[in-house]
Amino acid sequence: MRLVRWLAPFALSLMMMVAAGPARAVDAVSVRGDAPAIDLTGILDFQHSETDRIQVSTAPGTDGIVRRVEVRGREGGQNWVVFALANNTDDQLDRLIVAPHYRMVNSGLLWPDLGLSRIATITPSTGDRPERQDSATADIFRVTLDPGAVITFVAELRTDKLPQLYLWEPEAYKDKVNSFTLYQGIVIGISGLLALVLTILFVVKGSIMFPAAAALAWAVLVYIGVDFGFWGKVLDMSSGAERVWRASGEAILAATLLVFLFAYLNLNRWHVRYSHITAAWLVFLGSLVGLALYDPAVASGIARISLVLIAVAGFGLIVYLSTHGFDRAVLLIPTWFLLVVWVVASGMAVGGAVTNDIVGPALLGGLVLIVMLIGFTVMQHAFAGGGASNGIVSDVERRALALTGSGDLIWDWDVSADKVFTSAETEALLGLKRGTLEGPASDWLEILHPLDQDRFRAALDSVLDQRRGRLVQDFRLRTPDGHFMWFALKARPVVGSDGEVTRVVGTLTDVTESKNAEERMLHDSVHDNLTGLPNRKLFIDRMTALANFSKTLPTPLRPTIMVIDLDRFKQVNDSVGIAVGDSILLTLARRLTRILKPQDTLARIAGDQFGLILMSEQDSAKITAFAETIRKTIRAPIAFNDREIFLTASIGLALSDPATPVTDELIKDAELAMYHSKRIGGDRIDVYKPAMRARKTDRLTLESELRRAIERQEITILYQPIVRLEDRSIAGFEALARWDHPKLGRMSPVEFIAIAEEIGLIIDLGMFVLDQTARQLAIWQRAMRARDPIFASVNVSSRQLLRHDLLHDIRTVLSRSSVARGTLKLELTESLVMENPEHAAQMLQRIRELGTGLSLDDFGTGHSSLSYLQRFPFDTLKIDQSFVRTTSRGTRPVILKSIIAMAHDLGMDVVAEGVETDSDAVELYQLGCEYAQGFAFGEPMDADAAMRLLTEERLEAAS
């Protein structure tokens with residue numbers, strides 16, 4: 001029983017501890033005598049109790065003992081915060097515990113914390129309770145810390161949020177309050193003065209932008225007054241009322257900003273929908289003021305989101321209008337950009353990304369500066385262009401006589417009344433009743449061509465904004481029967497004494513004839529001058545438009561494309577003359593037009609080539625029959641003087657597939673079919689088949705694809721080894737270009753080099769091969785580092801040799817790739833250098849001086865002159881493979897020995913091409929040939945395979 005009685009008090013204390021909730025010991029913050037302020041926010045221990053009591057463990061005292069204290073709330077609160085302070089100095093310290101009611105920083109974007117009294121009371125673990133100090137903006141408690149004391153404080157919270165808690169030295173806090181009070185007074189004074197000036201400007205000027213700017217300035221004044229606590233001091237309002245005022249102020253700020261943007265940009269002049277959007281938005285923002293009476297946090301959150309949307313959307317609208325010639329919007333770009341920056345910075349502040357105490361006041365000061373910039377922009381409109389209009393209205397009689405003599409029509413817009421007057425002749429020309437064109441400027445939009453309406457609006461807006469300049473505008477006006485007439489408007493603004501445009505006066509001129517002439521010129525640019533048919537450009541454009549239109553239909557269109565090419569028409573021109581040939585083409589165009597239907601399109605797409613988009617026939621049999629009709633129509637004789645001329649044509653058809661969407665590829669398919677018909681002999685009709693596209697003889701397709709082959713990295717360079725016959729070691733490589741066609745596979749130079757020369761692509765192709773070979777040669781030489789460096793040979797075409805830029809190209813390649821002198825060899829054929837031997841000799845000498853080797857390729861196949869040959873600075877002669885592979889074993893040694901001896905006499909090395917057997921190599925070596933290449937020593941290979949071959953050879957030599 002004694003034990004039970006002895007344990008009873010401890011059991012009761014344990015039960016009270018459980019009922020009061022968990023308790024944790026805290027660490028004490030050391031308070032120094034020289035510290036003006038300590039931020040306690042980060043060390044606060046927030047706790048929650050189920051009742052109005054809480055037990056906490058104190059911070060260890062000087063004796064190291066942790067004690068337990070129980071605190072009962074005075075206002076029945078259940079939210080607590082615990083912290084401890086330690087005075088380690090020898091002096092008694094007086095400090096202020098400060099918890100602000102409201103901070104913009106970290107207040108939140110949605111459901112923001114708009115401020116309330118935070119702390120009801122503070123209970124220390126020892127000593128007297130801290131004394132509450134009078135303050136309308138913060139909870140302030142005065143505490144006294146004895147020397148060496150460690151005191152734990154338990155603060156009863158009125159809310160579950162405590163944004164900041166500071167420990168201030170009293171004099172330092174007083175200085176801080178005084179400094180912020182001075183700053184806040186200056187900002188409020190500037191804001192009030194700005195609002196007053198803009199209000200006075202509104203009284204003086206009647207434009208809608210001035211009251212809108214004044215309202216914005218007053219809204220900012222109200223907002224910063226609430227935030228600085230100014231109105232709370234003046235009106236002695238409660239903390240709950242301040243939350244309502246703060247939420248209402250943010251909604252009013254967003255609303256006035258929206259009104260200013262709408263009024264300044266004058267959005268109601270042309271766009272009624274902007275007025276509707278703005279009105280609906282203002283009603284919504286006005287409803288937030290009512291919502292603030294019930295839930296200020298929700299109203300403030302919505303107002304803040306609206307402010308962000310107005311700033312961002314407004315900036316986008318200003319930039320859009322600026323790019324469309326609205327000068328007033330251009331003036332607002334810098335100010336509104338600063339507003340967007342301010343909104344971003346405010347978002348970072350309320351989101352807690354920036355936590356400095358000076359952020360809130362600085363942002364409010366920045367808002368006042370932005371409103372000041374807006375005020376300057378508005379005042380610029382108020383006082384710009386204030387010159388009198390005496391000069392404009394002088395010499396009226398002389399101007400009136402000049403206007404009457406010119407025959408121009410009067411156009412006058414009374415801006416203030418928004419009424420347009422024009423001469424009666426204008427309405428007479430258009431066939432309208434008198435007075436139809438008199439009224440608001442927006443009424444002209446109804447008779448303006450749809451494509452001219454935006455330009456007309458922008459031009460009038462520009463004149464009103466700039467208050468000077470000259471308005472020159474061409475537009476179309478609709479007549480009652482539906483057609484349009486062109487008029488040229490030339491006008492100037494009349495500026496009143498207040499600096500605003502009062503009238504826009506000018507003349508209208510009927511320019512329909514000149515515009516029709518321009519349209520005829522435009523028509524001629526897309527139509528054939530001889531036949532009047534659409535040309536190739538318009539033909540392709542119509543096909544593209546048809547393909548795009550077909551995509552929008554539930555059932556795709558099925559056009560048939562025909563390409564008609566006259567056979568041997570060049571001979572007809574040569575025999576009868578170009579003038580008669582043109583008459584023949586015109587006759588054929590008229591014949592073909594007569595057998596077409598309105599939905600079909602016939603075009604002249606080349607000299608003697610016609611294109612046809614057939615839409616009137618859908619059945620395959622009827623399409624073929626129609627093509628046969630065209631062929632017979634062309635075959636019908638054409639009478640010329642006393643003779644008859646008979647023509648035939650090759651016709652290619654491309655039938656659209658119902659399961660495949662229509663594209664402009666049909667034109668190419670029809671051309672392929674036409675070329676197929678012409679290759680077979682002409683005077684026939686061929687329908688496109690996919691097999692035609694796969695043919696390697698498809699020149700048109702190859703030309704177009706070859707132009708993009710280098711860009712698409714389809715050109716591959718292979719290297720065929722050239723060996724020394726003495727020891728069978730690799731001496732160099734010949735670079736051979738191959739085209740890896742995505743559909744036709746790998747193509748040899750025979751299949752595309754001629755095409756490249758015809759279309760002028762051989763220059764780019766040759767430069768590409770030369771540059772890539774030089775780069776690879778440099779890699780080989782760095783890797784091998786042999787006494788006799790590896791060389792590489794590159795073929796040069798006639799187009800390249802005839803260009804003086806070839807020297808510059810070679811110099812550029814050699815500068816980019818550090819190769820040994822003379823190891824990059826250019827191969828030229830015998831027939832190439834003999835086309836112009838004098839020019840070739842000069843070019844080859846200059847190329848040799850650059851440090852490039854020269855090889856004479858395919859020797860023996862051309863018609864060379866030995867007298868010229870000895871003038872060319874070649875260092876290598878390559879024997880054509882036809883001499884190496886000849887079947888006459890009796891004559892081959894004689895010919896080869898003669899060529900080799902001649903080359904040695906001229907100081908050139910000899911390379912034999914086409915060596916396929918080892919016996920050929922032995923025979924060539926015995927005849928004195930130094931080098932050979934062919935399948936006996938390796939097929940053409942890529943750069944990696946060539947490097948492996950060189951590496952293996954070096955390893956074998958080393959072993």
Side-chain angles (χ1 to χ4, degrees), residues 535-537 539-544 546-548 559 561-565 603 605-607 609 611 613 650-657 660-680 686-719 735-773 794-800 803 809 940-943:
N535 58 18
R536 184 181 185 88
K537 183 186 297 183
F539 181 75
I540 295 176
D541 181 74
R542 288 187 179 179
M543 185 61 208
T544 304
L546 181 64
N548 294 332
I561 305 300
M562 296 187 187
V563 176
I564 307 164
D565 189 271
I605 57 179
Q609 195 174 100
I613 302 176
S650 300
I651 303 175
L653 275 71
L655 305 176
S656 59
D657 186 357
T660 305
V662 177
T663 64
D664 54 4
E665 290 292 324
L666 284 175
I667 300 175
K668 299 178 182 179
D669 295 342
E671 289 178 335
L672 291 178
M674 181 272 293
Y675 282 115
H676 177 78
S677 174
K678 190 171 286 291
R679 281 194 299 269
I680 296 178
D686 279 287
V687 180
Y688 167 78
K689 299 178 180 61
M692 296 179 182
R693 184 172 291 275
R695 291 180 59 87
K696 295 184 179 181
T697 55
D698 181 2
R699 294 280 298 223
L700 287 177
T701 304
L702 288 179
E703 287 179 9
S704 62
E705 293 177 345
L706 183 58
R707 294 182 185 276
R708 299 187 294 270
I710 298 178
E711 300 175 3
R712 296 176 177 176
Q713 299 181 351
E714 296 175 358
I715 301 300
T716 302
I717 302 176
L718 302 181
Y719 303 92
L736 304 171
R738 297 290 187 267
W739 181 10
D740 290 328
H741 194 282
K743 296 181 180 178
L744 304 179
R746 176 160 289 182
M747 301 174 63
S748 66
V750 178
E751 299 175 276
F752 65 88
I753 289 297
I755 299 176
E757 290 183 344
E758 292 179 9
I759 64 178
L761 194 64
I762 192 64
I763 305 299
D764 296 335
L765 183 60
M767 183 62 183
F768 172 76
V769 176
L770 184 64
D771 183 63
Q772 293 297 316
T773 303
V794 182
N795 290 281
V796 177
S797 69
S798 59
R799 287 281 187 96
Q800 290 176 277
R803 292 174 64 251
D809 294 343
M941 62 190 72
D942 58 24

- Message: Set out, in order, the CA-CA distance, both residues' side-chain angles and the distance that settles side chain to side chain contact (heavy atoms under 4.5 Å, CB included) for V563 and I605, then state yes or no.
- Response: CA-CA 9 Å; V563 176; I605 57 179; 4.2 Å; yes

Contact check, side chains of I540 and I667, non-hydrogen atoms, under 4.5 Å: yes

Between L761 and L706 the two heavy atoms that sit nearest each other are CD2-O, 3.2 Å

All heavy atoms of A673 vs all of G652, minimum pair found to be CB-CA, 3.7 Å

query: In terms of side-chain geometry, is the basic nitrogen of K668 or E705 positioned less than 4.0 Å from the acidic oxygen of its partner?
result: no

Are side-chain heavy atoms of Y675 and D565 found at a separation under 4.5 Å?
no

Distance col, row M562:CE vs L653:CG, nearest 0.5 angstrom, shows 4.0 Å

One should read off an interatomic distance between L672 CG and M674 CE, to the nearest 0.5 angstrom, of 9.0 Å

P940 and L736 have their tightest heavy-atom pair at CG-CD1, 3.7 Å

Taking every heavy atom of D669 against every heavy atom of A654, the minimum-distance pair comes out as CB-CB, 3.8 Å

Heavy-atom closest pair (A735 atom, I717 atom, distance to 0.1 Å) is CB-CG2, 4.0 Å

CG of L655 to CD1 of I561, rounded to nearest 0.5 Å, is 10.0 Å

Interatomic distance, CD@Q772 vs CE@M767, rounded to 0.5 Å, equals 10.5 Å

When every non-hydrogen atom of Y719 is compared with those of T773, the smallest separation belongs to OH-CA, 4.0 Å

